[in-house]
There are 2 protein chains.
Amino acid sequence: MSFADASLTALRVFREVAQRGTLTAAAVALGYTQSAVSRQIASLERAAGTRLLERRHDGVLLTPAGQLVLRRAATVLDQVDATARELAGLPDEHGTVRLGWFASAGAWLVPRALAELHRTHPAITVTTREGSTPALVRALRAETIDLALLAAAPPFRPPDSETPALHLQTLVERSLCVAVPEAHPLARGEFIDVADLHGQRWIAGPTSGEDRLMGVWPGLDERPEIAHTARDWLAKLRLIAAGCGITTVPAGLTGALPSGVRILPVRGGPREQRRLLLARLPKPPAEPVARLAAALRAVAIESDRRSMTG
Amino acid sequence: MSFADASLTALRVFREVAQRGTLTAAAVALGYTQSAVSRQIASLERAAGTRLLERRHDGVLLTPAGQLVLRRAATVLDQVDATARELAGLPDEHGTVRLGWFASAGAWLVPRALAELHRTHPAITVTTREGSTPALVRALRAETIDLALLAAAPPFRPPDSETPALHLQTLVERSLCVAVPEAHPLARGEFIDVADLHGQRWIAGPTSGEDRLMGVWPGLDERPEIAHTARDWLAKLRLIAAGCGITTVPAGLTGALPSGVRILPVRGGPREQRRLLLARLPKPPAEPVARLAAALRAVAIESDRRSMTG
DNA sequence: GCGTGGTATGCGTAGATGTCATGAGCTTCG
DNA sequence: CGAAGCTCATGACATCTACGCATACCACGC
């Protein structure tokens, strides 16, 4: 029994697990039961002769051997799938880029950049997926996506500590803002004082375990009143327009506002910087990947300049 | 059902079949029955949605789709096996070259070149296999060997017509010679006249179907008398030393003669040129492969020079 | 303590993957 | 021409694998 006896399905399952971070999630994604996934991993580990995953109560982590196997599995599966496409007479995927993005980038930056890219390079096809930062990072490592737009807050640590380190590029760095209804008293000025945020009703994101609470201004010295929780930006902004509360937003969202909402910077207190990062594996990107990266960069910078001056 | 559902075993079987040229031979090599191989291929073809092999009465040929799959399968299996080695803590195979050679190169050129290479580059490991020209060509295509020493006779056609064409390099081009016992009347002169070859007793190679008869001087206008057939060079030469007959030999064998045998050129009749070719896939070779190629070239040329002048 | 995440495992079944035996097609040889 | 010898294909059967289901187990948070 050696790794050479591993099966392609096992490699597929393993890649999915590495990407999802959880046997259960991988099972759902693959349409398997959790037990099937558990067994596949067990069999792969038996073939490899080592543990590939470190089991934790909140999911799994890749051991060094697991990282090795993941790298190889990714290229193996890519080869196989490319062969399948080629045999099926489908266009090969060299002109296709897979982009992952975190929720707030989808409202503004991604569509703009795709439109721009389609104008200048119509031959490039882009597929995208939304995901959380850790999900996107895992997807990058599993080579399931080629590029990821990530949000980062101080202290700006790299999003994972595995090797090789991801290639990171800061697209823009902006201050966190607050979105308020146009009719709201806070909406009268050109900025909001941090002291005025006391006692507000907040619209937060879904509380996602380890992550810090999103949507509420950080560092408030009170227990915030969460009036609503929503994941979707459009829902959140509509709730604001309806006067149901206020929430924090990245400055980049300015261009995508529905009527009835104003976005204002906050003065006083520590500056809440947020970075928009473009991440990829450190190896040199294929040409369409580089094109998309360039388009994202261009749109981000241009929109940054416009919102500074406008 | 798509090619993505193919199994690694099927790919392994397919590679072996491509390398052997026959389901039956692949089955023997793999320790399977012929029927198992047949089923595996059938299942792979079902997954691919096309025929990968053209069935012929004397074996199989790869269809264009089959060539595509072979290329991919070779890299996939290489990846998997490399992973297996790495997990097992074995040294990786980057320093290893796999060389294939046809029988008469094994007696002289190969050992000399390996000794030379070991002296100058002790870190490079070489594994070798003997094989017929078509077997070696298939092994090159299946990426089971990195380099092949081939023999070629006029009209010097490329050894296969698949794409991409193999990269071929002529190491030496020499005339076919005849080996005779020292005590033989023909051994008295410095050369043999083609007319004197009439009525001799020949030691031939095993009659291998399509191939022309080896060991007997080509173009004799009589039915030759085959006294013995032998595959092994040492056996053949010993038979000659014992006076049992004569046979044709490539000139390069001169340096590896047992006592009691003389090798002489033949005058009269058309010149029977034989080339020693070094073949590899057209992609740029890894550094150890290039080193071995250089060593083979050097030894071949040097031995050519010595036998011309000596 | 109990509900809610996670993973592991016993059990029964369906399907994949082998072997064996046989068949069908072609070439070679007597 | 017919038998032998080679090829690949295929029906019948055994076995082993890998799945789903149900359950057990463990750690965390309320």
Side-chain angles (χ1 to χ4, degrees), chain A residues 1 5-14 16-47 51-63 66 132 134-135 138 206-211 213 223, chain B residues 1-2 4-14 16-18 20-47 51-63 66 134-135 138 206-213 223 226:
Chain A
M1 193 61 160
D5 304 318
S7 80
L8 275 183
T9 22
L11 294 184
R12 277 215 156 68
V13 168
F14 182 71
E16 198 67 40
V17 168
Q19 185 191 326
R20 306 281 170 182
T22 281
L23 301 206
T24 315
V28 171
L30 293 167
Y32 285 175
T33 56
Q34 175 268 325
S35 92
V37 171
S38 172
R39 285 170 203 282
Q40 284 287 355
I41 298 296
S43 121
L44 194 63
E45 288 181 324
R46 208 173 330 118
R51 297 246 108 173
L52 301 177
L53 299 177
E54 181 189 336
R55 274 71 166 175
R56 314 174 103 259
H57 54 277
D58 59 343
V60 293
L61 284 183
L62 274 68
T63 64
S132 67
R138 282 192 302 259
T207 164
S208 57
E210 312 222 1
D211 241 346
L213 187 60
R223 183 175 192 122
Chain B
M1 194 60 161
S2 123
D5 304 319
S7 81
L8 276 183
T9 23
L11 294 184
R12 261 181 222 290
V13 169
F14 182 71
E16 198 67 39
V17 169
R20 308 279 170 182
T22 281
L23 300 208
T24 315
V28 171
L30 292 167
Y32 285 176
T33 55
Q34 175 268 328
S35 94
V37 171
S38 173
R39 286 170 199 284
Q40 283 289 355
I41 298 296
S43 122
L44 194 64
E45 288 181 324
R46 209 175 326 121
R51 295 245 111 172
L52 302 177
L53 300 177
E54 180 190 336
R55 273 72 167 175
R56 315 175 99 258
H57 56 275
D58 58 343
V60 292
L61 283 183
L62 275 68
T63 64
R138 284 193 302 259
T207 165
S208 57
E210 313 223 359
D211 240 346
R212 96 174 89 176
L213 188 60
R223 183 177 192 121
I226 312 276

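Chain letters run A, B, ... following the sequence lines, proteins first and then strands; every chain starts at 1. Heavy-atom basis, side chains included; hydrogens, waters and symmetry copies ignored.
- Of all heavy-atom pairs between B:Arg138 and B:Ala18, the closest is CD-O, 2.9 Å.
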In B/S/- notation (B base, S sugar-phosphate only, - none; protein heavy atoms under 4.0 Å), nucleotides 16-30 of chain D written 5' to 3' is --SBBBB-----S--

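- Within the 4.0 Å cut-off from OP1 or OP2 of D:dC8, not a single side-chain nitrogen or oxygen of B:Ser38 is found.
- Side chain of B:Thr63 to main chain of B:Leu52: a donor-acceptor pair is present (N/O by atom type, distance under 3.5 Å, no hydrogens or angles).
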Review point. Step by step, would you call B:Val17 with B:Val60 a side chain to side chain contact (heavy atoms under 4.5 Å, CB included)?
Key: CA-CA 8 Å; B:Val17 169; B:Val60 292; 3.8 Å; yes

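- Axis deviation across the helix from C:dG1-D:dC30 to C:dG30-D:dC1 amounts to 0°, comparing end segments of five pairs, rounded to 10 degrees.
- Of the possible donor and acceptor atoms, one in the side chain of A:Arg55 sits under 3.5 Å from a partner among the backbone N and O of A:Leu53.
- Judged as a side chain to side chain contact (heavy atoms under 4.5 Å, CB included), and not counting sequence neighbours, the contacts of B:Arg12 are A:Ala4, B:Arg15, B:Leu77, B:Val80, B:Asp81.
- Applying the salt bridge (Lys or Arg N to Asp or Glu O under 4.0 Å) rule to B:Arg20 yields the partners B:Glu16; only residues at least two apart in sequence or on another chain are considered.
- When side chains are defined from C-beta on, B:Thr9 counts as touching B:Tyr32, because their heavy atoms get closer than 4.5 Å.
- Base contact: A:Thr24 has a heavy atom under 4.0 Å from a base atom.
- B:Arg51 meets the salt bridge (Lys or Arg N to Asp or Glu O under 4.0 Å) test with B:Glu45; sequence neighbours excluded.
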- Message: Please evaluate residues B:Ile41 and B:Val37 with respect to the criterion side chain to side chain contact (heavy atoms under 4.5 Å, CB included), reporting the C-alpha separation (whole Å), side-chain torsions for both, the decisive distance (0.1 Å), and the verdict.
- Response: CA-CA 6 Å; B:Ile41 298 296; B:Val37 171; 4.3 Å; yes

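- For B:Thr22 (side chain) and B:Ala25 (main-chain N/O), no donor-acceptor pair under 3.5 Å exists by modelled atom type.
- Nucleotides of DNA chain C lying under 4.0 Å from heavy atoms of chain A occupy a range whose first and last members, 5' to 3', are C:dG6 to C:dC11.
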